[in-house]
*Asks:* 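Take this structure first; my questions come after.
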Amino acid sequence: MIFDTHAHYDDDAFDEDREALLASLPQNGVEAVTNVGASLKGCRKSVEMARRYPHVYAAVGVHPDHVNELSEERLEWLEQTAREEKKVVAIGEIGLDYYWDISAHEVQKEWFRRQLKLAEKVGLPVIIHSREAAQDTFDLLKEEKAGDIGGVIHCYSGSVEMAREYVKMGFFIGIGGVLTFKNAKVIKAVAADIPLERIVLETDCPYLAPVPYRGKRNCSLYLPHVVETLSEIRGVSPEEVIRITCENAKRLYRLSE
Ligand code: NI
């Protein structure tokens, strides 16, 4: 079954039908979802959902757009939550965002480093967000020897060469709806190039719905469209894509069978 390694079901876009949608996933081929915190509020909601649904896991971390929420005290809260909540499987999403560019780059980098160190301390993998900051993200992760921490480069948008480097460091590459877009040549090349054992599926829902739902609200139930595209690119059956990426997700989040 499918493992959605990156979702935001805490988003307001799901207020109308969150319960019904989440409850319906297992009977529709989605075995598990990791709900990823982006803000502190998102982290709290992710933990609540993970407590409530057996098939939902949580990641806690603060996205570069929200690092102005962080303080020593709040970083401690993240650490405590990561340690105490059994279904917190990663620290994320954390990283750099020069597209929205809400905080100064140095401020973003500082909190990125602090949260990487936190992940190392609590022994959890990281979920990396990088937008228009590919080289800085890569350099910082190298500097911090983040390969030893492990994790996923979520919604990967860099070059084939950089993807190969990340794979060498031990990272997984997160691939979602963008793969189905007609103009997405680079990510298609990445998906064809790196080992299938390093690819995990993700929605980033409510964002980035695959074709034919492009522009609409995304959800885990649309992942078969990404599977289909990946299956064509790799020349393996959709069943095989689902099986392998699900195993990968469990290795990424260190979930024993
Ligand atoms: Ni996300």
Side-chain angles (χ1 to χ4, degrees), residues 2-15 18 21-22 25 30 32-50 56-70 78 82 88-103 108 111-112 115-116 119 124-134 137 141 151-158 166 171-181 184 187 199-210 213-223 226 245 249 252-253:
I2 288 174
F3 198 128
D4 182 353
T5 61
H6 192 120
H8 301 284
Y9 283 110
D10 53 290
D11 194 280
D12 297 348
F14 295 105
D15 280 354
R18 181 178 297 109
L21 183 55
L22 280 171
L25 296 179
V30 179
V33 172
T34 298
N35 202 81
V36 180
S39 62
L40 288 162
K41 188 174 159 206
C43 292
R44 275 194 294 273
K45 286 186 168 181
S46 297
V47 169
E48 275 167 29
M49 276 186 272
V56 175
Y57 296 90
V60 296
V62 175
H63 183 289
D65 289 355
H66 299 284
V67 288
N68 51 12
E69 290 183 352
L70 277 170
L78 280 178
V88 170
V89 292
I91 299 298
E93 53 188 292
I94 61 175
L96 302 174
D97 195 313
Y98 297 170
Y99 177 79
W100 292 110
D101 232 0
I102 291 173
S103 293
Q108 293 190 33
W111 285 115
F112 186 16
Q115 292 184 91
L116 283 169
L124 288 176
V126 285
I127 300 171
I128 304 299
H129 169 98
S130 176
R131 193 161 180 198
E132 311 232 326
T137 305
L141 287 171
V152 58
I153 313 299
H154 136 69
C155 193
Y156 183 75
S157 61
Y166 276 129
F171 279 101
F172 289 89
I173 302 293
I175 291 182
V178 177
L179 188 71
T180 66
F181 298 176
I187 189 62
I199 296 175
V200 291
L201 299 178
E202 59 166 60
T203 53
D204 203 20
C205 65
Y207 311 107
L208 299 173
Y213 303 105
R214 189 172 181 177
K216 303 226 164 71
R217 185 188 77 172
N218 197 5
C219 76
S220 311
L221 300 175
Y222 299 163
L223 275 171
V226 178
T245 54
L252 161 63
Y253 293 134

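The shown structure was predicted, so the numbers you read here are calculated from the model rather than taken from an experiment. Counting starts at 1 for both ligands and their atoms, in listed order.
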*Asks:* For N68 and S103, test the side chains for any donor-to-acceptor distance below 3.5 angstrom and give the result as yes or no.
*Replies:*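 Short answer, no.
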*Asks:* Indicate the ring-plane relationship of Y222 and Y213, choosing parallel, tilted or perpendicular according to the 30° and 60° boundaries.
*Replies:*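 The arrangement is parallel - the two ring planes meet at less than 30°.
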*Asks:* Identify all side-chain donor-acceptor contacts of residues 38-47 below 3.5 Å with residues at least two apart in sequence or on another chain.
*Replies:*
unit_1 : atom_1 : unit_2 : atom_2 : d
S39    : OG     : G42    : N      : 3.0
S46    : OG     : N35    : ND2    : 2.9
S46    : OG     : G42    : O      : 2.7

*Asks:* Please examine the side chains of T203 and L208, heavy atoms only from C-beta on, and report whether any two atoms are closer than 4.5 Å.
*Replies:*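 No, side chains not in contact.
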*Asks:* How far apart are the closest heavy atoms of L179 and I187, and which atoms are they?
*Replies:*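 Looking at all heavy atoms of both residues, the closest pair is CD1-O, 3.9 Å.
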*Asks:* Mind checking how many protein N/O/S atoms fall short of 2.8 Å from the Ni ion (ligand 1)?
*Replies:*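 Counting protein N, O and S atoms closer than 2.8 Å to the Ni ion (ligand 1) gives 4.
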*Asks:* Quick one: sort the F3 and Y253 rings into parallel, tilted or perpendicular, breaks at 30° and 60°.
*Replies:*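 If you compare the ring of F3 with that of Y253, the planes turn out tilted.
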